[in-house]
Structures are given as C-alpha cells and as structure tokens.
Amino acid sequence: MSLIDKLDHKRLPAHIAIIMDGNGRWAKTRGLDRSEGHKKGVEAIRRVVEAASTASIQYLTLYAFSTENWRRPSDEVNGLMDLMVYALTRETADLKKNGVRIIAIGNIERLPDYVRETLQECIQETAGGKRLTLVIALSYSSKWELTEAVKKICNDVKSGTLQEEEISEVTIDNYLSTHALPDPDLLIRTGGEQRISNFLLWQCAYTEFYFTDTFWPDFNDEELYKAILEFQKRERRYGKISEQIEYEQ
Ligand code: IPE
Ligand code: IPE
Ligand code: MG
C-alpha cells in the first residue's frame, strides 16, 4: 500500500518547497564522482514532480542552485549547468503533456546564455500547464531577492509610482520574484542538514519544516508522502492558541 492512500486530501499543502541536498555525499559514499550524484538527483526530480502531481499538489518549488553555489569549483558548476540544459531539453515535452508549468526564480541574468535560453524555451513551452506549477530556484538566494526588492521599491518611491505610506507586507510580497505564488506550506530539506541556506526567508515565515537524512538521489514518492503525512499532524497556530484553532475549524 502506498502512503498516498493515507493522505487527507482536504488538508494538502498547496505549496511544497524542497532544498534538494546530499547529491555529493550520495556519490561519495559509493566511491563515485560528485557529478554522478547530481545525475541521480535529476532522476529524483522526475519522480518527485510526478508524485507531487499525483497527490494534487499545486505548487512545487525546487532549490536547484543557490547564489552561493557559484563559489563551487568551476568543473562542478559547469557540470551542473550542462545537466540543467540536458534535463530541461529532455523533459519539456513530458512536462507539457502532463500539465506542468515551469517558472524560474533567481538571478537568471547570471546564467550562461545557453542555459538561460533553454530555460526560457521550457518556460514558454509549458506556460499553459494547469495541473502543477514547478518553480525552479536557480542562481537564487533570498538575500539577493530581498535586496532587489528593496532597490525596486526605492526606485518606485523616488519616481512617485509608489507612496512610502502605502508600503505594507503585501507590497513587499509583490516586489519579490515569488509574487504570484502562495507562501510554502511545507519546506522539506533532504541530506541531513538542518538549515535554510538562504532560501525563501521572507516566504517561510510560517512554513512547516521537515528534515530528513535521506540524500536527495534516494528521495522518492513515498518519502514525499511521508513528509506530507507529518505536515498533516502539525497544528498551524499563526500566533493563536490551540482552542481558537479548533473553534475556527
Ligand atoms: C545538492 O547537493 C545539489 C546542489 C547544491 C546543486 P550537494 O551538491 O550540495 O551535495 P552535498 O551536500 O555535498 O552532499
Ligand atoms: C543548498 O545546498 C542549495 C541547494 C540545494 C541548491 P548547499 O549544499 O549548497 O547548502 P549549504 O551551503 O551546505 O548550506
Ligand atoms: Mg549540500
């Protein structure tokens, strides 16, 4: 029996975000090159996108490459860029067929031309997808995103298109690259580390966190459903007390 049958379909997270970590260590424990771990990681992405879609999750955000990852050895960075292009090229037709819409967040300008162009083609091709929105965080960091938002807000105040007194939390939401997305309900990090690594700092203000020691290449549909089941046991109080939450339900 699959864990999917145990899920409460009335209490599904609308948006799941995943820090896909542990590719390098997965490879190392097998005496393989780190690049082999990244390749296996692509297979895991395929499985998890399908599993999320089967479970009627609406938004899935995958942290694929952080601003800080540019600091890795150039061979690894180049290998990851090539892998990204290979995976996007190979998967676009299937994603489109399955109603998956791809969008990207992050400093896309910093990507090499061939990666940016492939990504943009994939975004255009899949734009009509209605089943699942797959958000790829690429060359992304939350501090970068927040800095960009502050700069844009300052510019708009200076030019008069935005009034300083009007600035609210919603204004800030609207200036982030995630403006069209709901905040994540559930954040999963694989690979054993328990940190946020500059990911969606603003958006995760009330997100439920789930950590697993499983390395990303071993993550699969059952592991995803296990995380969702754990999420469904949590009480989201948003500062209130339990009795208020029970009353509201
Ligand atoms: C995550 O796996 C993939 C990326 C950050 C691109 P890592 O490459 O960080 O794997 P570990 O953490 O070294 O095992
Ligand atoms: C976080 O993984 C970024 C991605 C999964 C893309 P890292 O492996 O780069 O994180 P840190 O630097 O160890 O926290
Ligand atoms: Mg890592």
Side-chain angles (χ1 to χ4, degrees), residues 15-49 52 59-91 102-112 114-116 118-119 122 134-147 176-178 181 184 186-204 207 209-220 223-224 227:
H15 183 177
I16 300 179
I18 307 184
I19 302 177
M20 309 182 288
D21 197 20
N23 293 352
R25 281 164 288 155
W26 179 92
K28 200 173 173 187
T29 55
R30 286 163 179 78
L32 300 170
D33 191 73
R34 291 177 59 84
S35 61
E36 295 300 322
H38 295 315
K39 273 192 221 157
K40 278 282 176 195
V42 172
E43 304 305 319
I45 293 178
R46 198 175 210 282
R47 287 196 296 272
V48 169
V49 170
Y59 299 90
L60 178 67
T61 298
L62 300 178
Y63 203 6
F65 193 85
S66 71
T67 305
E68 289 75 21
N69 289 149
W70 288 114
R71 299 182 190 143
R72 291 194 179 190
S74 59
D75 275 3
E76 180 162 345
V77 171
N78 293 339
L80 281 165
M81 293 298 140
D82 287 349
L83 190 60
M84 218 93 72
V85 167
Y86 167 78
L88 286 169
T89 310
R90 197 187 63 175
E91 300 297 332
I102 295 265
I103 61 172
I105 56 171
N107 190 356
I108 303 305
E109 303 302 308
R110 201 170 163 185
L111 295 170
Y114 77 107
V115 181
R116 195 175 49 252
T118 309
L119 181 66
C122 183
L134 176 59
V135 187
I136 307 182
L138 208 50
S139 187
Y140 174 88
S141 84
S142 199
K143 287 194 175 185
W144 167 81
E145 178 186 44
L146 286 162
T147 308
L176 297 176
S177 56
T178 50
L181 312 169
L186 170 63
L187 173 82
I188 298 171
R189 182 169 187 146
T190 64
E193 312 291 0
Q194 302 197 354
R195 55 178 175 249
I196 192 136
S197 302
N198 216 347
F199 191 43
L200 303 174
L201 301 176
W202 171 273
Q203 298 87 338
C204 282
T207 298
F209 287 11
Y210 177 90
F211 298 105
T212 170
D213 288 338
T214 304
F215 292 139
W216 177 249
D218 289 328
F219 200 77
N220 60 20
E223 297 253 358
L224 178 74

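We count ligands from 1, going down the list as the structure has it; atoms in each ligand are counted the same way. Quick caveat: nothing in here was measured; it's all calculated off a predicted structure. Quick note: numbers below take in every heavy atom, side chains included, and nothing from hydrogens, waters or symmetry partners.
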Under 4.0 Å from any heavy atom of [X], which atoms of ligand 2 are there?
{"X": "Phe65", "result": "6 (C)"}
{"X": "Arg195", "result": "11 (P), 13 (O), 14 (O)"}
{"X": "Ser197", "result": "10 (O), 11 (P), 14 (O)"}

- Message: Tell me whether Ser66 has any N or O atom under 3.5 angstrom from an N or O of ligand 2.
- Response: no
- Item | Plane angle bin for Phe219 and Trp216 - parallel if under 30°, tilted between 30 and 60°, otherwise perpendicular | parallel
- Message: Once you measure the plane-to-plane angle for Phe199 and Tyr140, does it fall in the parallel (<30°), tilted (30-60°) or perpendicular (>60°) bin?
- Response: perpendicular
- Query: Name the one of Leu119, Val115, Leu111 that satisfies side-chain contact (heavy atoms from CB on, under 4.5 Å) with Val85?
  - Reply: Val115
- Could you tell me whether Tyr114 atom OH has more than 12 heavy atoms of other residues or ligands within 6.0 Å of it? yes
- N/O/S atom name from Asp21 that is nearest to the position of the Mg ion (ligand 3): OD1
- Can you find a non-hydrogen atom of Gly22 under 4.0 Å from ligand 1? yes
- Task: Measure the distances from the heavy atoms of Lys28 to every atom of ligand 1 and state whether one is below 4.0 angstrom.
- Result: no
- Examine ligand 2 and decide if any of its atoms is less than 4.0 Å from a heavy atom belonging to Arg72. yes
- Query: Counting heavy atoms only, which part of Arg34 comes closer than 4.0 Å to ligand 1: side chain, backbone, both or neither?
  - Reply: side chain
- Task: Could you please spell out the steps behind the salt bridge (charged side-chain N to carboxylate O under 4.0 Å, His left out) verdict for Arg25 and Glu193?
- Result: CA-CA 12 Å; Arg25 281 164 288 155; Glu193 312 291 0; 3.7 Å; yes
Could you tell me the residue and atom name of the protein heavy atom closest to [atom], and the distance to it rounded to 0.1 Å?
{"atom": "atom 10 (O) of ligand 2", "value": "Arg189 NH2, 3.4 Å"}
{"atom": "atom 9 (O) of ligand 2", "value": "Asn69 ND2, 2.8 Å"}
{"atom": "atom 6 (C) of ligand 1", "value": "Ala64 O, 3.4 Å"}
{"atom": "atom 1 (C) of ligand 1", "value": "Met20 O, 3.0 Å"}

- Side-chain (Asn78) to main-chain (Ser74) donor-acceptor, under 3.5 angstrom: yes
- Contacting atoms of ligand 1, where contact means under 4.0 angstrom from a heavy atom of Arg25: 11 (P), 12 (O), 14 (O)
- Task: Answer yes or no: does an N/O atom from Leu80 fall short of 3.5 Å to an N/O atom of ligand 1?
- Result: no
- Query: Is Glu193 close enough to the Mg ion (ligand 3) to have an N, O or S atom under 2.8 Å?
  - Reply: no
- Task: Check whether any side-chain heavy atom of Pro184 lies under 4.5 Å from a side-chain heavy atom of Tyr59, and answer yes or no.
- Result: no
- Determine, counting only non-hydrogen atoms of the protein, whether one lies under 4.0 angstrom from atom 14 (O) of ligand 2. yes
Taking every non-hydrogen atom, the tightest pair across [X] and [Y]:
{"X": "Asp218", "Y": "Arg47", "result": "C-NH2, 4.0 Å"}
{"X": "Ile188", "Y": "Ala227", "result": "CD1-CB, 3.6 Å"}
{"X": "Thr207", "Y": "Leu187", "result": "CG2-N, 3.5 Å"}

